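Remarks on the structure that follows.
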Amino acid sequence: MKPGATLHPDVVQEVLGAWVLAERREPGEVSVELGEDERALLAQMPWPLRRAEWLAGRRVAKRLLHEALGLAPSRTQVLPLESGAPRVWVGGVAHEEFVLNLSHTRGWAVAAVARTRVGVDVCDDVDGDRIARIARRVFSEGEAETCGAFQSRETQAAVWAMKEAGLKLFIGGVFDPGARAIRVESLSPPRVTANPAMQVALLRLPDAAVAVSRDA
Ligand SMILES: CC(C)(COP(=O)(O)OP(=O)(O)OC[C@H]1O[C@@H](n2cnc3c(N)ncnc32)[C@H](O)[C@@H]1OP(=O)(O)O)[C@@H](O)C(=O)NCCC(=O)NCCS
């Protein structure tokens with residue numbers, strides 16, 4: 001079972017009223033136009049894998065902001081809030097009109113932008129089984145059985161993405177309250193219960209699950 005509607009790479013798609021874009025990761029550090037603050041942050045990052053994923057996130061985010069909202073990459077910066085959540089800056093000013101979120105794996109970089117809160121997460125199918133290793137920490141009583149989490153590595157990836165996208169919607173509360181706060185009720189149709197209530201869309205890339213979360 002591979003739950004989720006198709007998300008076409010390199011095409012901006014509207015999902016739950018948000019714009020979403022996925023790019024396949026390229027090896028090493030991708031080229032992307034960076035602003036002064038972004039260059040300063042990158043200069044402090046010594047680890048090659050972190051630099052590469054951070055750049056991939058910036059690239060897909062800036063492409064999305066350009067294609068969906070017309071924001072020129074030369075004037076746009078994507079800088080972290082204290083929580084680590086991304087914030088868009090245009091011409092040196094924090095952009096309050098839109099909320100951006102992004103996610104990266106070994107295979108993909110995905111960004112989502114909307115007028116109100118949005119969370120996005122991608123999970124490569126090959127990494128789906130990591131959820132089984134931490135099942136006791138992330139699932140509530142009966143949750144995994146009810147939603148069919150362990151049917152396949154694709155369902156495991158889907159559940160992981162739904163929980164992470166849900167946590168990211170809170171911007172700042174990723175570890176507190178933690179993954180149990182998002183209860184996955186069903187994969188088809190995708191449905192979670194959480195407080196505050198949220199809606200979640202589930203999408204499929206060729207070898208990965210993507211989830212997008214919005215306030216209900
Ligand atoms: C910090 C965390 C956001 C990292 O997530 P991840 O899956 O390792 O990585 P992703 O690539 O999907 O997301 C990272 C991006 O999320 C964004 N982000 C970071 N903190 C965030 C927050 N508090 N709220 C919203 N978005 C956040 C950032 O843009 C970050 O990328 P960047 O630093 O390169 O800009 C967080 O989700 C995490 O580590 N969660 C683990 C909690 C857990 O138990 N998960 C099990 C789920 S079943």
Side-chain angles (χ1 to χ4, degrees), residues 18 20-23 25 29-30 32 34-35 37-38 41-42 44-45 47-62 64-65 76-89 99-114 116-124 127-140 143-144 147 149-150 153 155-184 187 192 194 198 200 202-203 205 208-215:
V20 180
L21 179 64
E23 280 186 346
R25 290 281 305 273
E29 295 188 7
V30 293
V32 51
L34 296 178
D37 302 310
E38 289 171 322
L41 273 179
L42 182 66
Q44 294 165 15
M45 282 181 209
W47 299 288
L49 292 179
R50 176 61 180 139
R51 290 173 61 93
E53 70 174 20
W54 189 86
L55 285 166
R58 264 66 210 161
R59 186 164 86 166
V60 71
K62 289 187 182 203
L64 176 64
L65 292 167
T76 309
Q77 298 199 86
V78 177
L79 298 169
L81 293 168
E82 203 176 323
S83 64
R87 158 69 69 85
V88 180
W89 292 69
V99 180
L100 173 79
N101 200 224
L102 63 90
S103 178
H104 29 59
T105 60
R106 268 174 291 181
W108 296 94
V110 182
V113 67
T116 56
R117 295 198 304 179
V118 61
V120 70
D121 195 76
V122 56
C123 181
D124 294 344
D127 293 327
D129 62 1
R130 66 187 167 178
I131 204 166
R133 296 197 289 274
I134 56 168
R136 283 175 50 185
R137 181 162 68 79
V138 301
F139 287 115
S140 304
E143 179 185 355
C147 71
F150 296 123
R153 62 183 194 173
T155 58
Q156 294 182 123
V159 170
W160 183 284
M162 287 167 78
K163 282 183 176 277
E164 286 275 354
L167 289 173
K168 285 178 174 177
L169 189 66
F170 298 141
I171 307 181
V174 170
F175 292 107
D176 179 14
R180 280 189 184 190
I182 315 293
R183 185 181 171 103
V184 179
L187 298 180
V192 301
M198 63 177 70
V200 177
L202 188 56
L203 301 146
L205 288 165
V210 176
V212 177
S213 61
R214 303 296 309 277
D215 285 293

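Keep in mind that what you see is a predicted model, and the values were worked out from it rather than measured. Just the heavy atoms: all of them, side chains too, but no hydrogens, waters or symmetry mates, feed the values below. Whatever order the structure lists ligands and atoms in, that order sets their numbers, starting from 1.
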Please determine whether salt bridge (charged side-chain N to carboxylate O under 4.0 Å, His left out) holds for the pair Asp215 and Arg117, giving the CA-CA distance in whole Å, both sets of side-chain angles, and the decisive distance to 0.1 Å. CA-CA 7 Å; Asp215 285 293; Arg117 295 198 304 179; 2.8 Å; yes
Compare all side-chain heavy atoms of Arg130 with those of Cys123 and state whether any distance is below 4.5 angstrom. yes
With side chains defined as the heavy atoms from C-beta onward, is the minimum distance between Phe139 and Lys163 less than 4.5 Å? yes
Under 4.0 Å, heavy-atom basis, I'd like to know which part of Arg180 is in contact with ligand 1: side chain, backbone, both or neither. neither
Best match, Pro80, Ala56, Ala135, Gly84: closest heavy atom to atom 18 (N) of ligand 1: Gly84
Decide, yes or no, whether a salt bridge links Asp127 with Arg106 under the criterion of side-chain N to carboxylate O below 4.0 Å. yes
Considering Met45, Glu53, His104, which one's heavy-atom position lies nearest to atom 34 (O) of ligand 1? His104
Would you check the N or O atoms of Ser103, main chain and side chain alike, for any that come under 3.5 Å of an N or O of ligand 1? yes
Which atoms of ligand 1 are found less than 4.0 Å from any heavy atom of Arg58? 32 (P), 34 (O), 35 (O)
Looking at Gly119, is its backbone amide N or carbonyl O close enough to the side chain of Ser213 to form a donor-acceptor pair, meaning the two atoms are under 3.5 Å apart? yes
State whether the shortest distance between N or O atoms of Arg137 and N or O atoms of ligand 1 falls below 3.5 angstrom. yes
Once you restrict to heavy atoms under 4.0 Å, what part of Val78 touches ligand 1? Side chain, backbone, both or neither. neither
Which is closest to atom 25 (C) of ligand 1 in terms of heavy atoms, Arg117, Lys168, Arg50? Lys168
Quick look: Leu102 vs ligand 1, heavy-atom contacts under 4.0 Å, and the answer is both
Arg214-Thr116 side chain donor-acceptor pair, cut-off 3.5 Å: yes
Can you find a heavy atom in the side chain of Val110 that is under 4.5 Å from one in the side chain of Leu205? yes
Is Gly57 near ligand 1, meaning one of its heavy atoms is under 4.0 Å from it? no
Hey, looking at atom 7 (O) of ligand 1, which of Ile131, Asp121, Thr105 has the closest heavy atom? Asp121
Excluding sequence neighbours, so at least two apart, what forms side chain to side chain contact (heavy atoms under 4.5 Å, CB included) with Leu79? Asp37, Glu38, Leu41, Gln77, Trp89
Pick whichever of Lys163, Arg130, Glu164, Glu82 has a heavy atom sitting closest to atom 43 (C) of ligand 1. Glu164
